[in-house]
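Reading through the structure tokens given below for one structure.
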Protein chains: 2
Amino acid sequence: MSYPLSSGHVPLRFAAPSMSVSLDRIADFLGTVPLFRELDRVALRSFADITREHKYGKGTVIVSEGDPGDALYVVRTGEVKVVLVAEDGREVILGVLGVGDHFGELSLIDGRPRSAHVIATSTSSLLVLRRADFRRQVEQQPQVGWALLMELSRRLRQADGTIGSLVLLDVPGRVARVLLENATPGQPATLIKPMTHQVMSQMIGASRETVSRAMSEFQEKGWIAVARRQVTIVDRVALEARARPAL
Amino acid sequence: MSYPLSSGHVPLRFAAPSMSVSLDRIADFLGTVPLFRELDRVALRSFADITREHKYGKGTVIVSEGDPGDALYVVRTGEVKVVLVAEDGREVILGVLGVGDHFGELSLIDGRPRSAHVIATSTSSLLVLRRADFRRQVEQQPQVGWALLMELSRRLRQADGTIGSLVLLDVPGRVARVLLENATPGQPATLIKPMTHQVMSQMIGASRETVSRAMSEFQEKGWIAVARRQVTIVDRVALEARARPAL
DNA sequence: TTGTCGCCGTGACTCGGGTCACAGTGACCC
DNA sequence: GGGTCACTGTGACCCGAGTCACGGCGACAA
């Protein structure tokens, strides 16, 4: 995840050096975000110009379902979760977003209220782009519109897959599915992003206990291994079969 | 849902009259589709130019999950369903599309395989726009890109809502939800698009029998009325309460 | 009329998985 | 060290809802 520090020449600069240096670093960062990947340095700078940075402590509610929404957020550091919250406190996790991910584009596009809560799961720093500024920039940079379409497509595919798994799979099947989705293949083993059973259960609409039992079962069968809370996939094929409807 | 028949002047026309007349009618039709609503007649004609019309008999598979996809489809007449199909034959209905709805944009945007099956539920006529042609046109007409973003946003909101209801609501709650979603307010009563219990059950991930029982319960409580297979909402407030998590 | 067909309603049985209640296990901090 | 806290593992119990099995009913064709 390395990228060239803006060595060489820098675009015209008028303001105080310290400010511009930080804007350069923001522009560098934006260049690593898929949404802005296609842009050249000048365009990245103009997007950096319209950002404000905000910090949120762990557990802070960043946006609430039903709020009028007029900003796009990019995670610069930390982690946030997108959740639906029922009145009795139960939570459904629609997604966990890390560095380089973004949220808030729906309200930005259609102007309707926020469709979910977003809550910081660790101390996080977010770049905020307000609607009017963002739209003006996007009109100059149609590639960003295209990148947005790609991103929404990806999410829609994922959401449809989740719906399918909720209806067609039993809980162990859904557990297998999240494991596979959060696996990063590598040597010597393919690891899984660490997360608590509680979080997994809220991602797949199950109880913590049932997830726990499924994980035990997978260990006994030798499909996964757990060492010091780090899960690794041992038998990917078996997991994939378990995650397929109607074995 | 009426719109002016192209009275008055018509844009330049070279081809055989019969062909152009039909293209004019297609352009008229496209003008009623939200995706193309912002376009002027000339632009509508240029989109009409790149369409091919296809007919599909009831039950025909129009696209299959996993296929490489490179076309956008607009429903001109009839009705189709978007479904996930498990190996054992169980089906999840992700959506039912009628006249003016469209599908296939995901593969068009990201070039990945189709994410679901689309099957004609009645004899249907579809307009097909192939990827290369469509992209070329969209580059001329950025409003269409924006309309696509609006449409994907709408669907994503809906998909997230479905996920929430699958996890947070019991079956009667989900039944109440589909009823409300398919209600068209009007005088003297707010009607619900007719659909079989079978179809409803596949939309909400439940069995036909459980849906049947929920409908009976709602009738007994006086929340809905059924006459000759036409369902009408009597007590909308009660239904809305039932469709909210954690009553 | 009588068959056939697709859809609806209901009872009986079963079971996946939610809930409750605890016990165990690290990790971290006084 | 010991206390606190967040997480995990497991047994017991129970309920929502899936499945199976019918019977009824309206529509439509022969």
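Because the structure is a prediction, the values reported are computed rather than measured. Just so you know, these numbers use all the heavy atoms, side chains as well, and skip hydrogens, waters and symmetry mates.
- Salt bridge status for A:Arg213 with A:Glu209: absent, with no side-chain N to carboxylate O gap under 4.0 Å.
- With the nearest nucleotide of DNA chain C identified for both B:Arg208 and A:Ala206, B:Arg208 has the one nearer the 5' end.
- Within the structure, the side-chain hydrogen bond (donor to acceptor under 3.5 Å, both in side chains) test picks out the following pairs touching residues 88-99 of chain A (sequence neighbours left out): A:Lys81-A:Glu91, A:Asp88-A:Arg90.
- Contact annotation for A:Gly173: no contact, since no heavy-atom pair falls under 4.0 Å across all strands.
- A salt bridge links A:Arg242 with A:Asp170: the distance from a Lys NZ or Arg NE/NH1/NH2 to an Asp or Glu carboxylate oxygen falls below 4.0 Å.
- Here the rule is side chain to side chain contact (heavy atoms under 4.5 Å, CB included) with B:Arg174, and of B:Thr162, B:Leu179, B:Thr210, B:Leu166 only B:Leu166 fits it.
- For A:Arg229 and D:dA6, the shortest distance from a side-chain N or O to OP1 or OP2 is not below 4.0 Å.
- Not counting sequence neighbours, A:Arg52 has no partner by the salt bridge (charged side-chain N to carboxylate O under 4.0 Å, His left out) test.
- The nucleotide range of DNA chain C contacted by chain A, defined by atoms under 4.0 angstrom from heavy atoms of the protein and reported 5' to 3', is C:dG17 to C:dA27.
- Heavy-atom minimum distance, A:Val83 versus A:Ala116: O-CB, 3.5 Å.
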Any protein N or O atoms within reach of nucleotides 14-16 of chain D? Criterion: under 3.5 Å, listing atom names and distances.
none

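- Taking the screw axis at each terminus of the helix from C:dT1-D:dA30 to C:dC30-D:dG1 from five consecutive base pairs, the angle between the two is 30° to within rounding of 10 degrees.
- Scored by the salt bridge (charged side-chain N to carboxylate O under 4.0 Å, His left out) test, B:Arg154 finds B:Glu151 as partners (sequence neighbours excluded).
- A heavy-atom distance below 4.0 Å to DNA chain C is reached by these residues of residues 209-227 of chain A, ordered by number: A:Glu209, A:Thr210, A:Arg213.
- For residues 225-239 of chain A, the pairs satisfying side-chain hydrogen bond (donor to acceptor under 3.5 Å, both in side chains) are A:Arg236-A:Glu240, with sequence neighbours left out.
- The stretch residues 117-130 of chain B participates, sequence neighbours left out, in these side-chain hydrogen bond (donor to acceptor under 3.5 Å, both in side chains) pairs: B:Glu53-B:Ser125, B:Asp70-B:Arg130, B:Glu79-B:Thr121.
- Atom pair B:Met200:CE and D:dG18:P shows a separation of 13 Å (rounding to whole Å applied).
- Distance, B:His197 NE2 to D:dC25 P: 16 Å, rounded to whole Å.
- For A:Arg177, the salt bridge (charged side-chain N to carboxylate O under 4.0 Å, His left out) partners at least two apart in sequence or on another chain are A:Glu181.
- With sequence neighbours left out, B:Ala71 forms a side chain to side chain contact (heavy atoms under 4.5 Å, CB included) with B:Tyr73, B:Val128.
- The residue A:Thr196 sits close only to the backbone: its heavy atoms come under 4.0 Å of sugar-phosphate atoms, none of a base.
- B:Arg90 places its CZ atom 11 Å from the C1' atom of D:dG18, with the value rounded to the nearest Å.
- Remark: B:Arg208 engages no residue in a salt bridge (charged side-chain N to carboxylate O under 4.0 Å, His left out) (not counting sequence neighbours).
- Screening B:Asn182, B:Ile192, B:Thr190 against B:Val231 for a side chain to side chain contact (heavy atoms under 4.5 Å, CB included) leaves a single residue, B:Ile192.
- Rounded to an integer number of Å, the gap from CZ of B:Arg228 to P of D:dG26 is 10 Å.
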